[in-house]
Amino acid sequence: MRRTRILTAVLALAAGLLAGTPPALAADSTAKVSLAADTYTWKNARIDGGGFVPGIVFNRSEKNLAYARTDIGGAYRWQESSKTWTPLLDSVGWDDWGHTGVVSLASDAVDPNKVYAAVGTYTNSWDPKNGAVMRSSNRGANWQKTDLPFKLGGNMPGRGMGERLAVDPNKNSVLYLGAPSGKGLWRSTDSGVSWSQVANFPNVGNYQQDPSDTSGYASDNQGIVWVTFDESTGTSGNATRAIYVGVADLQNSVYRSTDAGATWTRLAGQPAGYLAHKGVLDAAGGYLYLSYSDKGGPYDGGKGQVWRYATATGTWTNISPVAEADTYYGFSGLTVDRQKPGTVMATAYSSWWPDTQIFRSTDSGATWTRAWDYTSYPNRANRYTMDVSSSPWLTWGANPSPPEQAPKLGWMTESLEIDPFDSNRMMYGTGATLYGTENLTNWDSGGQFTIKPMVQGLEETAVNDLASPPSGAPLLSALGDVGGFRHTDLTKVPSMMFTSPNFTTTTSLDFAETNATTVVRVGNLDSGPHIAFSTDNGANWFAGTDPSGVSGGGTAAAASDGSRFVWSPDGTGVQYTTGFGSSWSASSGIPAGAIVESDRVDAKTFYGFKSGKFYISSDGGATFTASAATGLPSGDSVRFKALPGVKGDVWLAGGATDGAYGLWHSTDGGTSWTKLSNVDQADAVGFGKAATGASYQTLYTSAKIGGVRGVFRSTDKGTTWTRINDDAHQWGWTGAAITGDPRVYGRVYVSTNGRGVIYGDTSDTSGGGGTDPTDPTDPTPTGACAVTYKITNQWSGGFQADVQLSNTGSSSWTGWSLAWTFPNAQTISQTWNAESTQSGSTVTAKNVGWNANVAAGSSVGFGFTGSWSGTNGKPTAFKLGDQACTVA
């Protein structure tokens, strides 16, 4: 399973910010920019989750008000009416990209409109800016920010501990923040506007995951890790007197103040040798509960304990659900039921195999039960059922042997919260999603409770590459941690990520421009091949063969007709092959680590870039020649693409602030370049459908133009530009990839580093003309049709079939719906390139967004898997609306 969060985009950005480059060659231009944004609607291509959710916070005074934090993808607020999450930090801009990493959240119980976020992604050099505390008086709709004199680490080791930020429940103008890196404990007395260090707090922490790490990532002192108040020791308007603070110190992990923060002491008698990941105060019961691990998490942790501290007597009781000798994990994910004092739960957050574990006690920790138990090893009895039908990819397509199960109950389960107003609702975060249940108390009655993803609207993938082919699925994505997806419908969660093989991170993908059924992707995998191919537009995959020395995905390019490929993997030099990579040959004339792309017209022309030099091959990647062009960026923070339909038309974006940085255009295959002087900086470039009357495809770029950072569009070859996003929709860093849609004018797909794939549609419907093929209101066609039904694979109890629907009439279709009846009660289990419904034996398959338009004389295909018993006969009749089709 996925154990790391992607750093590729951050490192690429750091290289782009820090690498020295020679002066750029200026070019004359009469180009202009319109800074008034076009009216765009922005949405996510739905994946639902895809990353680590280290924190969930329920407001203690208002029902149904809850927040979630992610390590690199911002913060979210729960919307009870729709059971979805609303993103709150999309306004974070390019320069402040690190503020999409949220190390802690606090919701004000006195004034529920107020919410606070402690933000910053890395405490080392990867994030050039200090952290900040953001405050909102309208539940995160708008924010004000106070910069801090130190960094925060939303994506650092220990990020699952917490919460480090807390509001005094009696005097809400007082907040505390635990800082990393030896910066200590901080306090605000003016509702987060200003902050000062609590000078007399005695311990700044000393725990480092790996002191020898020279990058500063694992060697940072994890610092002050949580703050909690005992609300019973204060009255409304007066500061709470008893405050507990957790410190990353294996010998001294818990401190307390009994005089509202004036003085602090180490709690006497506390357990040593562990870090207190969580400290949860149950004022009604008079207990502080603590979950301990020997490591800081969220990945590591080999031993753990759970303790209870009686706040009135100072008595410590070891209430561990499992004896320390029997643990191979640490404890975290601690919560209490505010409706039922004495009910407490904790997670075995670092139990990777065979699964995580959740423990529950209804008697203040005296006895415990588990979410699952062994019956006779390796068989398990679960107190829960899991329904991942809304996010079926959570199985990873796995069929593991017991005691593993798919989907897993979770991993990295550092956040777990019982709704303070509803004992039946619990949510918990994992490394891939946010799960929840609404019948939790079935646990206590001996029944099963149901766990489902409660993650819709929370999009957390880091995007490395995007492709929108001219036919087939409208979107293919290369993602960190979950590999990537093929979206046939942007509004629906794909059934599975790319498999066969499952890359932990896909670093690059490409399709053959004139044969979009052929797709290549490359990525990272602990063991196994690093390249895969598809001959059906990414629906199914097979692994290629690695040349010697490959250690990572790098970049790959497909010839325009799919006949050959060029691959620049990590660990060895650039390689080329004909066919599907059963054998590779080393390319000459191009350095290892070069970025590679293909010409979109000439199948034997490929391009490369490395350290300021552009390389050209005209023999299918066998040999490359360096272009004589100068003035290109000297670093490697560069993305370039060749224009479909025109040989040798190439655009290059990239650079660094202390050297050449911008957007370049070549019309002779990279031999010479013109720099667009109206573009200050650019980091990614892509193409989409041309505007009505335009002779050139629409350009899109993530760039700085006219002094403004944003996403820009040009319909006139870069002569003029229009900003199409706005300040509320910036998504931090968007420099990895951008592409337009070749079939829908104005549609653009934007990469983010933690907010998933964003796509935008323009309100300017005149720009592209015609009908949007994704519009569900398009009429269902009638007219002459023909159907070919073919069973392509069959096994005991199951089968796979392809259906080809042809328009044999004289008019185009702008939507289609095909119906048939199975003769032997077969049932469909999964469909691609269509949406299917089934009632009894009758099936209806409808178009998805991208394949609604079918011209006269053209055809469209889709496929499905199903089950059968006894006989698997073919349907004999098909109807397109009310029209019977000819059956081939």
Side-chain angles (χ1 to χ4, degrees), residues 12 15-16 19 21-22 24-25 465 507-510 512-513 520 522 531 547 549-550 552-560 563-578 581 584-644 646-656 659-675 682-685:
T21 53
L25 297 179
D465 203 0
T507 56
S508 171
L509 57 79
D510 193 19
E513 187 66 41
V520 61
V522 293
I531 189 165
V550 172
T555 58
S560 60
S563 61
R564 62 192 68 229
F565 302 88
V566 172
W567 184 16
S568 178
D570 296 339
T572 190
V574 178
Q575 308 280 321
Y576 71 98
T577 187
T578 55
W584 295 87
S585 301
S587 302
S588 63
I590 185 171
I595 303 163
V596 294
E597 297 281 356
S598 65
D599 190 85
R600 311 312 281 181
V601 175
D602 187 338
K604 288 192 174 183
T605 297
F606 289 84
Y607 306 110
F609 181 90
K610 176 71 175 177
S611 303
K613 284 288 185 181
F614 196 80
Y615 298 86
I616 307 157
S617 173
S618 59
D619 57 7
T623 59
F624 283 81
T625 302
S627 167
T630 59
L632 297 175
S634 64
D636 293 322
S637 185
V638 164
R639 284 99 187 153
F640 69 93
K641 288 184 178 180
L643 186 77
V646 182
K647 180 181 178 181
D649 194 312
V650 188
W651 292 79
L652 184 148
Y661 199 174
L663 184 63
W664 286 260
H665 184 209
S666 174
T667 58
D668 55 12
T671 301
S672 62
W673 295 86
T674 299
K675 185 177 186 293
D683 292 86
V685 63

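Residues Ala592 and Gly573 approach most closely at CB-CA, 3.9 Å, considering heavy atoms. The two residues Phe640 and Val596 have their closest heavy-atom pair at CZ-C, 4.4 Å. The two residues Thr555 and Ile595 come nearest to each other via the heavy atoms OG1-CA, 3.6 Å. Closest non-hydrogen pair, Pro644 versus Arg600, comes out as CA-CB, 3.6 Å. Summarising the geometry of Ala682 relative to Gly662, their closest heavy-atom pair is CB-O, 3.5 Å, with the distance given to 0.1 Å. What you find for Thr671 and Ala629 is that their closest heavy atoms are O-CB, 3.7 Å.
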Enumerate, atom names and distances included, each donor-acceptor pair closer than 3.5 Å involving a side-chain atom of residues 603-614, sequence neighbours excluded.
{"unit_1": "Thr605", "atom_1": "OG1", "unit_2": "Asp602", "atom_2": "OD2", "d": "3.1"}
{"unit_1": "Tyr607", "atom_1": "OH", "unit_2": "Asp599", "atom_2": "OD1", "d": "2.7"}
{"unit_1": "Lys610", "atom_1": "NZ", "unit_2": "Asp636", "atom_2": "OD2", "d": "3.3"}

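Tested against Trp664, the residues Leu632, Val650, Val638, Val685 include a single side-chain contact (heavy atoms from CB on, under 4.5 Å) partner, Leu632.
In this structure, the ring of Trp567 has its center less than 6.0 angstrom from the ring center of Trp584.
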- Item | Working for side chain to side chain contact (heavy atoms under 4.5 Å, CB included), residues Trp673 and Leu652 | CA-CA 9 Å; Trp673 295 86; Leu652 184 148; 3.7 Å; yes

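Checked against salt bridge (charged side-chain N to carboxylate O under 4.0 Å, His left out), Arg564 has no partners two or more places apart in sequence or in another chain. Applying the side-chain hydrogen bond (donor to acceptor under 3.5 Å, both in side chains) criterion to Thr578, with sequence neighbours excluded, gives no partner residue.
You'll find the side chain of Thr507 stays beyond 4.5 Å of the side chain of Asp465, heavy atoms only.
With no hydrogens or angles considered, no side-chain donor-acceptor pair links Asp619 and Tyr576 at under 3.5 Å. When only modelled atom types and interatomic distance are considered, Ser508 and Asp510 share no side-chain donor-acceptor pair under 3.5 Å.
A donor-acceptor distance shorter than 3.5 angstrom exists from the side chain of Ser627 to the backbone of Gly670, with no hydrogens or angles considered. Without hydrogens or angle criteria, Ser598 side chain to Ala558 main chain gives a donor-acceptor distance under 3.5 Å. A donor-acceptor pair under 3.5 Å is absent between the side-chain atoms of Ser560 and the main chain of Glu513, judged by distance alone.
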